[in-house]
2 protein chains.
Amino acid sequence: MKQKGEGLSARKQLILRTVVESYIENGEPVGSKFLCDCGKFTCSSATIRNEMAELETLGYLEQPHTSSGRIPTETGYRFYVDLLLQNYNSAAGDVERIKSALREKRAELDSILTQASRLASTLTNYTGVALRPGKGNAAFAKFEAIYLAPRSLLLVMIREDGTAKTRNLRTDTDLLPEDAKTLSAALNACLSNVPAHQITLPLMMKMEEMCPAAPVLVRMAVKSVYEAASEGESGDVRLEGMDRLLGYPEYADTESIAGLIGLGDSKTELLDIVAQSEEGEEDDGEVKILIGSENRLGALGSSALVYKTVRRGGKIVGAVGVIGPRRMKYQNVISMVDSLANGINELISDDAPPLLPEKGEGKTSDD
Amino acid sequence: MKQKGEGLSARKQLILRTVVESYIENGEPVGSKFLCDCGKFTCSSATIRNEMAELETLGYLEQPHTSSGRIPTETGYRFYVDLLLQNYNSAAGDVERIKSALREKRAELDSILTQASRLASTLTNYTGVALRPGKGNAAFAKFEAIYLAPRSLLLVMIREDGTAKTRNLRTDTDLLPEDAKTLSAALNACLSNVPAHQITLPLMMKMEEMCPAAPVLVRMAVKSVYEAASEGESGDVRLEGMDRLLGYPEYADTESIAGLIGLGDSKTELLDIVAQSEEGEEDDGEVKILIGSENRLGALGSSALVYKTVRRGGKIVGAVGVIGPRRMKYQNVISMVDSLANGINELISDDAPPLLPEKGEGKTSDD
DNA sequence: GTTTAGCACTTGAACTCATAGAGTGCTAAA
DNA sequence: TTTAGCACTCTATGAGTTCAAGTGCTAAAC
C-alpha cells in the first residue's frame, strides 16, 4: 500500500493534485489552459498538455470525450487521497464540538450511531452512513425470566457484552412467580454460553427434568432462546440524508442513484466491508476511503465511501462515515469522519462497557 | 365518503375505467381512437371524444399536452379506486400463503413488519413500506434490575403492553446482588406507571431513602428510566425495495425520486398518516389508499400509497403497505396488502398479547 | 336529441444541419 | 526541454422541418 505515485515528478504531482482539486470544486473537466492560468505554474499550457497526456497514459487522468479537459480516474483520486491521509494529523479540534452534539443523546450504541450518521450528513452535505456489524450467532451468557402475570413471562437474554434481548412468553396454564425463578436457573445452568447450533434435544430434555412444573414453558423458552440466538443481531445499516446527494450533478441520472438506493436496501454489502476490515490485517484504526469500484463494492458505483470504525475495548462495534460523489471534499470529510468516530469512541468508552464476569472467554464449553 | 361519480352515465364510467386501466397498463396517454378500437364500445371515436371532453371538464381526466390522449387526474384515480374497494371482497385466498411465508420468521413485531415490507415489495414489484407508530412518552409498568457483575447491572423496563427496554448501569463501587433487588423494589414502588414528565426531584429523593446503600445507583437508574420513557419508541418506518421503482418511467427524473428518498429519511410524515388514521373516526380496518397529494402528504409527490393498519387486540400497532406510481396495479396491490395485513393480524393475535395484570388502567396515579 | 364523419388545428417528438467553443495532439522552432 | 501555432475532433446548442397523434368543431345522418 506504499505510494504508487512516487515515480511522478514534482510537477506531475502538482498537476494531478490541482486537477483533482479543481474537479472536486467545480465538477467540470479541467483543461490545460485553466491550469496554466491558475497561477500555480510557470510553464505554458502546451507543456502542461504534454504532462497531462503522460498522466493519462499512466492511468491517473482520463478524458470524458476526446476534446474535453481531463478528469481524475479512480487511481487519480486514490493518489490524491493517499496524499491527504499521509499529511493528515488528527486535528482533534472539533472532537469536542461533535462529542457535545452527541452527548445530548446519550443512549445506547444503536441510537448513537444513528445520530452520528445524521450528524455526518448534516456537516458534510453528503449521505451519512452508520453501521453495526451483526453479532454472528452470538450465544447468551445469562438469562432471567421475569414474572409478569399468571400466564405471561418476560424472558431477558443477556450477551457477554452486556447487550440484551427480550422476548415475551405466554402460557396456557397459570404460573407461580417461583416458576420464573426455576426457569431462570435452568436456563442459566444449561444454555449459558451455548451457541444456537448446540441447542439440541438432549439439552432440552435435561432442562425439562429441572423444571418439572411446566415442561411446556421450558419448551417455549428454549425455542425463544434458540431463535434469538440464531437470528443474531443481523447487523444494521443506516443511511441518512440520501436526498442531499441528489443536488450533485453526478446523481442527475437515475442510474447512479439506483446503486445507492440498492445499497441502503440490501445492507449486506456495506456490512461486508466492515467485516472485511475487521478481519483484515491492516485495520489501523484510521480513516479509510473506498473509491468507486475499488474492492469489488459494485453498488457504490461512481461514489466514494469515507469511513472509520468505532471500537469499544479494542473490538470493532460499528463504523461511521460518509458516502458522496467521487469528487468529494475529502479534506473536510476525512477530518469530520475522524473526529466523529473519535467522539463516539470516547463517548462509549467513558460510558464504560458493562461486562459480565469473565466466564467462558468467548469460546464455549462443549459439554 | 359516498361515491362522487354517481352522477356519471354508465358509458362515462366505462370510459373512465378503461382509461385508467389502460393508462395503468401502458403508461401512455389514452386517445379516443384507442378506446374505440378496444372493443368495449359500440359508438365511434367522435362520441368518445365528446364524452372525454366532458369527463375532462368534470375533473376526472386531463391532457398532458393539448394534442395528446387523456390521463386520469387524482380524482379520476380516486373514482376508480373507490370502485375497486367497493367491489373488493377479501379473497383471503393467499392469506395462508403469506402467513406461512411470515411464520418462518416468527419473531417480535418489529421484525415481522420488516419482513412484511420486504414481502410486499417482492410480491408487487413496488416499494414495500412498514411502519410502527411511536409509543408516545409511554410510562413503564414494571422494572427489574438484574445483577450482572459487582459493578454492573442490567435494568429492564417493561411497558404495559409487555414490550421491554433494557439499559446497562455501571457503578464505581461494588454492589451486592441484594442491591439489585432493593433497586427493583424501589423502582416498582415509585416509578411504576409514572410518565416521564412526572419524574421529579421529590420522587428521586424518596427513592434514595428507600435504597440507602447506593444513592448513586438510584440516581443513575432514575435517569435511565427518565430518558427511556421520554425518548419513547420514536416510531419506525421501513421502506424496502425502493430500487424497484426506478424501473418505472415516472421515476425517470431525479425530482420524483427525491421526494420518496426524503420520505424514507424523515420518516415522520408517513407516521403522521397512521397516527391520523388512528384518531380519525373512520378507520374501519380496511385497506386505505392515498393518491398523490391527497391529505397533504407532500413528499408522496406523484406516487400513491396503499396500506392497511395492523392491530393487536383492537389497538393499532403498525401498518403495512406499498408505495408506487399513481398508475399502480391497484387490483393486485389492494388484495395483496389486505392479505398481508390479515396474515400479520392473525399471526400476532394467536401469538397472544402478553399483558401485565391490569393496574393503573392507563392513567397514572398522581400520588 | 344523439351520433357520426370529416377536416382544420395544435402540439410534442424526432431528425437534420450548421455553428460555436473548448481542448487536444502534433509539428517545428526556440 | 519548452513553446507557439495550427489543424482536428467532439460536444452542446439552436433553428428549421417533418411526422404523427389527437383534439375540437361543424355539418350531416339517424
Side-chain angles (χ1 to χ4, degrees), chain A residues 7-16 18-23 25-73 76 249-250 252-253, chain B residues 7-16 18-23 25-73 76 249-250 252-253:
Chain A
L8 294 183
S9 70
R11 191 169 62 192
K12 279 206 184 63
Q13 290 201 14
L14 184 58
I15 289 177
L16 180 49
T18 315
V19 168
V20 174
E21 281 172 359
S22 160
Y23 185 62
E25 191 62 39
N26 309 310
E28 282 168 12
V30 186
S32 57
K33 188 153 182 299
F34 176 90
L35 288 181
C36 189
D37 293 348
C38 82
K40 283 188 184 173
F41 301 91
T42 56
C43 54
S44 78
S45 68
T47 311
I48 296 184
R49 269 206 292 284
N50 290 332
E51 296 280 58
M52 280 168 67
E54 284 189 57
L55 281 171
E56 179 163 3
T57 64
L58 290 174
Y60 294 103
L61 294 179
E62 67 182 336
Q63 309 177 271
H65 324 290
T66 311
S67 86
S68 200
R70 305 294 210 295
I71 62 174
T73 61
E250 25 270 282
D253 64 314
Chain B
L8 294 183
S9 72
R11 189 168 61 193
K12 280 208 183 63
Q13 290 200 15
L14 184 57
I15 290 177
L16 180 49
T18 316
V19 169
V20 173
E21 281 171 0
S22 161
Y23 185 61
E25 193 61 39
N26 310 310
E28 282 169 11
V30 186
S32 57
K33 188 153 183 297
F34 176 90
L35 287 181
C36 189
D37 293 349
C38 81
K40 285 190 184 171
F41 301 92
T42 56
C43 54
S44 77
S45 66
T47 311
I48 296 185
R49 271 205 292 286
N50 289 332
E51 297 280 56
M52 279 169 63
E54 283 189 57
L55 281 172
E56 179 163 3
T57 64
L58 291 173
Y60 294 102
L61 295 179
E62 67 183 334
Q63 310 178 268
H65 325 291
T66 311
S67 83
S68 201
R70 306 293 210 295
I71 63 175
T73 61
E250 25 270 280
D253 63 314

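Just so we're clear, the structure is a prediction, and the values are computed from it rather than from any experiment. Reminder, nothing fancy here: chain letters follow the sequence lines and each chain counts from 1.
Between the side chain of A:Thr57 and the backbone N or O of A:Glu54, at least one donor-acceptor pair lies under 3.5 Å. Under a 3.5 Å cut-off, the side chain of B:Ser32 and the backbone N or O of B:Ile48 do not form any donor-acceptor pair. When atom types are taken as modelled, the side chain of B:Thr73 and the backbone of B:Tyr60 share a donor-acceptor pair closer than 3.5 angstrom.
Distance CD (B:Gln63) to P (D:dT23): 7 Å, rounded to an integer number of Å. When rounded to the nearest whole Å, the span between CG of B:Leu61 and P of D:dG22 equals 14 Å. Here the P atom of nucleotide D:dA12 and the CD atom of A:Glu28 are 12 Å apart, to the nearest Å. Rounded to whole angstrom, the span from the CZ atom of B:Arg70 across to the P atom of D:dG22 amounts to 11 Å. Separating the CD1 atom of B:Ile15 from the C1' atom of C:dT3 is a distance of 13 Å, rounded to the nearest angstrom. Across the protein-nucleic acid pair, B:Leu35 atom CG and D:dG22 atom C1' stand 12 Å apart, rounded to whole Å. In this structure, CD1 of A:Ile71 is placed 16 Å from C1' of C:dA22, rounded to the nearest angstrom. Atom P of nucleotide D:dG22 and atom CG of B:Leu55 are separated by 17 Å, given to the nearest angstrom.
For the pair B:Val20 and B:Gly76, the tightest heavy-atom approach, listed with the atom from each and the gap, is CG2-O, 4.3 Å. Between B:Pro64 and B:Gly69, the closest heavy-atom pair is CD-O, 3.4 Å.
Annotation for B:Phe34: atom CZ does not count as buried by contact number, only 12 or fewer foreign heavy atoms lying within 6.0 Å. Open room surrounds NZ on A:Lys33; 12 or fewer heavy atoms of other groups in view lie less than 6.0 Å from it.
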* Structure fact -> 5' to 3', nucleotides 2-10 of chain D under a 4.0 Å protein heavy-atom cut-off (B base, S sugar-phosphate only, - none) gives SBBB---BB

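Judged as a side chain to side chain donor-acceptor pair (under 3.5 Å), and not counting sequence neighbours, B:Glu28 has no contacts.
Salt bridge present: A:Glu56 and A:Arg70 bring a charged side-chain N and a carboxylate O closer than 4.0 Å.
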* For DNA chain C, the dot-bracket pattern of Watson-Crick and G-U pairs whose distances stay under 3.5 Å, | for other-strand partners -> ||||||||||||||||||||||||||||||

